[in-house]
K.L.:
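Before I ask anything, let me first share the structure, which is written out below as structure tokens.
Here is the naming used below: chain letters follow the sequence lines, and residue numbers restart at 1 for every chain. Keep in mind it's a predicted model, so treat the numbers as computed, not measured.
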There are 2 protein chains.
Amino acid sequence: MSVREFEPGQYILREGDRPRYCAYLTDGYVYRHKIVGDGGRQIVSIHVPSDFVDVQNILLDYADHNIQALTATTLITVPVDDLMKVAMEHGSVNRALWRETLVEASIMREWIANIGRRDARSRTAHMLCEVALRREKAGLGARETFDLPMTQEQLGDALGLTAVHVNRTLKSLENDGLIVRSKRSVTVADWNGLQSVGDFTSNYLHFPPSA
Amino acid sequence: MSVREFEPGQYILREGDRPRYCAYLTDGYVYRHKIVGDGGRQIVSIHVPSDFVDVQNILLDYADHNIQALTATTLITVPVDDLMKVAMEHGSVNRALWRETLVEASIMREWIANIGRRDARSRTAHMLCEVALRREKAGLGARETFDLPMTQEQLGDALGLTAVHVNRTLKSLENDGLIVRSKRSVTVADWNGLQSVGDFTSNYLHFPPSA
DNA sequence: CGCAAGATTGAAGATATTCAAACAGCGTGG
DNA sequence: CCACGCTGTTTGAATATCTTCAATCTTGCG
């Protein structure tokens with residue numbers, strides 16, 4: 001295995017590529033996205049440190065989506081074949097990796113519901129809650145304060161909205177005292193309120209039962 | 001393992017339940033869905049015979065979504081523990097099951113993109129193409145003709161639309177000669193056209209290379 | 001300083017929803 | 001056999017939400 005650094009915006013894997021490495025994210029944000037016919041882009045997942053970002057492709061012959069660095073990131077990469085070998089020899093590794101992909105799938109289901117059935121305000125609040133909580137659980141600081149290094153364009157691509165509408169939505173959340181923005185960092189001013197607006201519960205994240 | 005029959009609408013697993021069985025679908029349609037705060041429902045996947053419908057929950061402690069029979073269905077169920085035991089002892093079973101969950105995850109990514117970035121017409125066409133092709137690959141007949149036993153309400157829940165809008169959208173596709181409807185079955189009148197409107201390519205389904 | 005990328009705002013327009021009503025198909029019971 | 005009721009479909013009109021277009025403003029940075 002080896003440590004690799006990526007620049008903001010740099011592609012880690014492109015759609016159609018054959019995955020060779022599996023990567024564990026130690027620092028920075030990474031996201032996956034797909035491009036649709038009219039040129040639109042949809043971000044399908046966001047990753048925080050301690051996520052595996054390429055197990056999804058481990059058993060598939062080619063990538064069905066792009067993986068890109070959002071910020072400067074550090075990844076630990078392991079050749080797919082080696083990882084599979086270890087997984088096959090050690091049931092616990094196998095189960096852990098598999099479980100990771102299942103949790104990811106659960107998050108994707110929630111995204112489908114979020115994008116399909118919640119309006120812009122609720123949808124945006126929901127996603128802020130998710131990122132906040134996943135960062136907190138990864139030991140990256142309290143849920144109330146975190147850097148959200150995404151442009152409004154990128155947020156729109158993640159939420160199925162336009163950048164303009166994201167702007168108005170964030171403003172609305174801020175006006176209601178739910179969040180505070182300064183530059184590109186977000187502070188949750190009212191966690192319960194945000195959670196309520198976002199119709200958010202953390203069940204789907206399948207956090208292991210805390211000790 | 002045992003064979004179980006379900007009535008249309010019957011729940012196979014409910015959100016919050018502890019999954020005990022893993023099921024292989026031999027006959028009928030099954031779908032998964034989540035309920036959001038305002039009572040809205042979002043279908044997050046549709047299953048055709050030859051799909052495993054409960055591997056997603058196999059390593060998770062409780063179900064994060066509901067699984068429901070769309071039509072009368074036949075499932076072969078295997079206790080989760082037994083299946084895991086077999087998977088741990090046989091690498092090929094392990095890989096096959098895992099791969100199945102990864103393909104499902106890929107389909108969910110496409111759904112996110114479909115709902116997030118395509119308009120109603122394109123979105124609807126895309127889903128028709130997906131179901132048509134998955135049925136065909138499962139040996140259930142040519143892609144051009146298949147029963148679509150979903151109500152427009154259910155279609156709406158799958159597409160993130162209202163039933164009313166689904167109705168207008170289907171009419172529009174029919175008026176353009178892309179599909180023909182009679183009762184609740186759909187015929188694809190112009191596969192290439194539908195595929196084009198739906199911005200559909202089958203890459204994300206990860207069909208094994210045909211012999 | 002001056003550029004470039006991103007954020008913000010307004011106005012107009014498109015897309016989808018909501019509400020309401022009418023209609024069709026189908027199984028049940030008289 | 002037909003009436004009834006139920007579920008689902010279809011249609012229209014009004015409305016809400018989100019997008020598009022375009023301009024202005026802000027911020028970071030060479």
Side-chain angles (χ1 to χ4, degrees), chain A residues 7-9 29 36-43 70-72 114-128 147-175 179-186 197 199, chain B residues 7-10 29 36 38-43 68 70-72 114-127 147-176 179-186 197-199:
Chain A
E7 306 279 311
Y29 279 99
V36 301
D38 68 352
R41 185 175 73 151
Q42 177 67 46
I43 293 177
L70 176 58
T71 60
N114 198 35
I115 295 173
R117 283 293 179 231
R118 287 196 266 257
D119 67 12
R121 237 173 94 84
S122 184
R123 201 186 295 181
T124 306
H126 189 282
M127 182 205 255
L128 291 176
D147 264 349
L148 183 74
M150 296 173 79
T151 65
Q152 294 179 359
E153 178 99 39
Q154 289 166 333
L155 274 173
D157 287 345
L159 294 165
L161 299 169
T162 58
V164 170
H165 202 61
V166 167
N167 183 292
R168 300 195 227 265
T169 304
L170 288 174
K171 192 172 67 171
S172 146
L173 292 174
E174 189 168 36
N175 284 343
I179 62 172
V180 176
R181 291 177 297 159
S182 70
K183 304 193 182 173
R184 214 168 290 169
S185 87
V186 172
V197 167
D199 183 29
Chain B
E7 307 279 310
Q10 198 178 343
Y29 280 99
V36 301
D38 67 353
R41 184 175 73 152
Q42 177 67 45
I43 294 178
Q68 200 172 3
L70 176 58
T71 60
N114 198 35
I115 295 173
R117 283 295 181 229
R118 288 196 264 257
D119 66 13
R121 237 173 94 84
S122 184
R123 201 186 295 181
T124 306
H126 189 282
M127 180 201 260
D147 264 348
L148 184 74
M150 297 174 78
T151 66
Q152 294 179 0
E153 179 98 39
Q154 290 166 332
L155 274 174
D157 287 345
L159 294 165
L161 299 169
T162 58
V164 171
H165 203 59
V166 167
N167 183 292
R168 299 195 228 267
T169 304
L170 288 174
K171 192 171 68 169
S172 146
L173 292 174
E174 188 167 37
N175 284 344
D176 292 356
I179 62 172
V180 176
R181 290 178 298 159
S182 70
K183 303 190 184 174
R184 214 168 289 169
S185 87
V186 171
V197 167
D199 183 27

K.L.:
Without decimals, in angstroms, what is the distance between B/His165 NE2 and C/dA14 P?
P.N.:
15 Å

K.L.:
Under 4.0 Å: is that the gap between some side-chain N or O of B/Arg181 and OP1 or OP2 of D/dT10?
P.N.:
yes

K.L.:
Both B/Arg118 and A/Ala163 contact DNA chain C. Which one's nearest nucleotide lies toward the 5' end?
P.N.:
A/Ala163

K.L.:
Under a 3.5 Å distance rule, please check whether B/Thr124 uses its side chain to pair with a backbone N or O of B/Ala120 as donor and acceptor.
P.N.:
yes

K.L.:
How do A/Glu153 and A/Arg117 order along DNA chain C: which one's closest nucleotide is nearer the 5' end?
P.N.:
A/Glu153

K.L.:
If you compare all heavy atoms of A/Asp38 against all heavy atoms of A/Gly40, which two are closest, and at what distance to 0.1 Å?
P.N.:
OD1-N, 2.9 Å

K.L.:
For B/Leu155 and D/dT10, what is the distance between atoms CG and P respectively, to the nearest whole Å?
P.N.:
11 Å

K.L.:
Round to a whole Å and report the spacing from CD of A/Gln154 to P of C/dG6.
P.N.:
8 Å

K.L.:
Counting heavy atoms from C-beta on, name the nucleotide in C/dG6, C/dA16, D/dT20 closest to the side chain of B/Asp119.
P.N.:
C/dA16

K.L.:
Figure out the CG/C1' separation between B/Leu170 and D/dT9, and round it to whole Å.
P.N.:
11 Å

K.L.:
If you check the A/Val164 side chain, which of C/dA7, C/dT9, D/dT10 turns out closest?
P.N.:
C/dT9

K.L.:
Is any side-chain nitrogen or oxygen of A/Asn167 closer than 4.0 Å to OP1 or OP2 of C/dA7?
P.N.:
no

K.L.:
Write down the distance between CG (A/Asp157) and P (D/dC18), rounded to a whole number of angstrom.
P.N.:
16 Å

K.L.:
C/dA16, C/dA7, D/dT19: which one has an atom nearest the side-chain heavy atoms of A/Arg168?
P.N.:
D/dT19

K.L.:
Main chain of A/Ala158, side chain of A/Gln42: is a donor-acceptor contact present, judged purely on distance under 3.5 Å?
P.N.:
yes

K.L.:
So what does B/Gly160 hit on the nucleic acid, given a heavy-atom distance under 4.0 Å: a base, only sugar-phosphate, or nothing?
P.N.:
sugar-phosphate

K.L.:
Rounding to a whole Å, what distance do you find between A/Gln152:CD and D/dT19:P?
P.N.:
13 Å

K.L.:
Quick one: CZ on A/Arg123 to CG on A/Leu155, what's the gap to the nearest 0.5 Å?
P.N.:
12.5 Å

K.L.:
To the nearest Å, how far apart are B/Leu159 CG and C/dT17 P?
P.N.:
10 Å

K.L.:
Please confirm whether the shortest side-chain N or O distance from B/Lys171 to OP1 or OP2 of D/dT11 is below 4.0 Å.
P.N.:
yes

K.L.:
Over how many whole Å does the gap from A/Leu161 atom CG to D/dC18 atom P extend?
P.N.:
7 Å

K.L.:
For the pair A/Arg117 and B/Asp157, find out whether any cationic side-chain nitrogen is under 4.0 Å from an anionic carboxylate oxygen.
P.N.:
yes

